[in-house]
Asker: 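Starting off with a structure, shown below.
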Amino acid sequence: MIRLDKLLCEMGAGSRSEVKAMLKKGRVTVDGIPVLTGDRKVEEHTVSVCLDGQPLTYAKTAYYLLHKPAGVVTAVRDKTEKTVMDLMQGAAGKDLFPVGRLDKDTEGLLLITNDGALSHRLLSPKKHVDKTYLVLTRDEVTTQMCRCLEAGVEIGDEKPTLPARVRKLPDCEDGILLTIVEGRFHQVKRMLQAVGNEVVYLKRISMGPLTLGDLPAGCFRPLTEEEKKALGVEG
Ligand code: URA
C-alpha cells in the first residue's frame, strides 16, 4: 500500500505540490471516484488511478536520459555539491540513480534509472558498450595520436586501453570524436594525456543505442519505446 499523493508523483503526474493542487481540484479519480486529498492509502499494483479521465500507469522501472551540465557531480547525494539527481525533480520512479559516472567538468548523456540489472549490463567490462565522446584538446590531435588511441594506450593501469575509434572533426584540428568500449576512471582524459595532449572539453554524446540529440543541458526526458526496446527493457 502507498499514499495516493506519493503514487501520483511516482506515476509522473507531477511534483508533490502539483499533485496536491490537482487532487484539490477534483482531477484525480481512484477506481472511478474523485479523491480530493493525497493521504489515502491505495494498493499500487491493482488500483485504477485517472487524471482528467486518463488512466495513469505505475511503471515499476523508469528510464531517463539526462543531459548533464558541467559543474554537477554524478552521485545520488552529496553533502556539499549539486548532484545529477538534483536535476531530476519531477521524474517518476523510486530509487533512481545514474548509470556510470561522468566527471564534474564533463557534460553529456547520462542514463538515470532504477533498473539495477540494466545498469549492471551496461557497465559490465565484458559487454564492451560503445561510449562516444566529443573531445576538444589543448593541441592538434595528430594522425599519429589518432593511431595510438585507436590501437590502445598505456594509461597506468594493469592493461592498455582496448582499441578505440577516432573520427576527426571537420574544420577542427584540436578535437575528435572518440568511441571507447570501457569505462575506466578518467579514461578519456588519461588517454589524451598518454599521447601527449590534454582534454579541455569533454561531452558524452552517445552510449550504446542512446544518443543525446538536441536535449538541452540540465534537462532530462524519458526514454522512448524504441530506445527501451534497443536496451532490451520494458517499463
Ligand atoms: N572519461 C573521462 O576522462 N571523464 C569522463 O567524465 C568520462 C570519460
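Worth knowing before you read on, the calculation uses all heavy atoms, side chains too, and leaves out hydrogens, waters and symmetry mates. When a ligand or atom number is given, it counts from 1 through the structure's own listing order.
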Asker: Hey, which of Gln193, Lys189, Arg138 is the one that makes side-chain hydrogen bond (donor to acceptor under 3.5 Å, both in side chains) with Glu198?
Answerer: Arg138
Asker: Return the residue, atom name and 0.1 Å-rounded distance of the protein heavy atom closest to atom 4 (N) of ligand 1.
Answerer: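 Protein heavy atom at minimum distance: Asp103 OD2, 2.7 Å.
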Asker: Spell out, as yes or no, whether a donor-acceptor pair under 3.5 Å connects the side chain of Thr161 to the backbone of Gly152.
Answerer: no
Asker: Could an N or O of ligand 1 be found under 3.5 Å from any N or O of Leu202, whether backbone or side chain?
Answerer: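 For ligand 1, there is no N or O atom that lies under 3.5 Å from one belonging to Leu202.
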Asker: Listed by chain and number, what are the side-chain contact (heavy atoms from CB on, under 4.5 Å) partners of Ala194, not counting sequence neighbours?
Answerer: Val153, Ile155
Asker: Judging by distance only, is a nitrogen or oxygen of Arg101 under 3.5 angstrom from one on ligand 1?
Answerer: no
Asker: Based purely on interatomic distance, does Arg190 place a nitrogen or oxygen under 3.5 Å from a nitrogen or oxygen of ligand 1?
Answerer: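 No, Arg190 has no N/O under 3.5 Å of an N/O on ligand 1.
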Asker: Keeping the roles fixed (side chain from Tyr63, backbone from Asp115), state whether a donor-acceptor pair exists under 3.5 Å.
Answerer: no
Asker: Examine ligand 1 and decide if any of its atoms is less than 4.0 Å from a heavy atom belonging to Tyr133.
Answerer: yes
Asker: Out of Leu177, Thr179, Leu102, which residue meets the side-chain contact (heavy atoms from CB on, under 4.5 Å) rule with Tyr133?
Answerer: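 Between Tyr133 and the candidates, side-chain contact (heavy atoms from CB on, under 4.5 Å) is satisfied uniquely by Leu102.
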Asker: Answer side chain, backbone, both or neither: which part of Val188 comes under 4.0 Å from ligand 1, heavy atoms only.
Answerer: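 It is both backbone and side chain that touch ligand 1.
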Asker: Could you tell me, atom by atom, which parts of ligand 1 come under 4.0 Å of a heavy atom of Thr106?
Answerer: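 Near Thr106, meaning under 4.0 Å from one of its heavy atoms, ligand 1 has 4 (N), 5 (C), 6 (O).
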Asker: Under the 3.5 angstrom rule, does the side chain of Lys168 hit a backbone N or O of Glu173 as a donor-acceptor pair?
Answerer: no
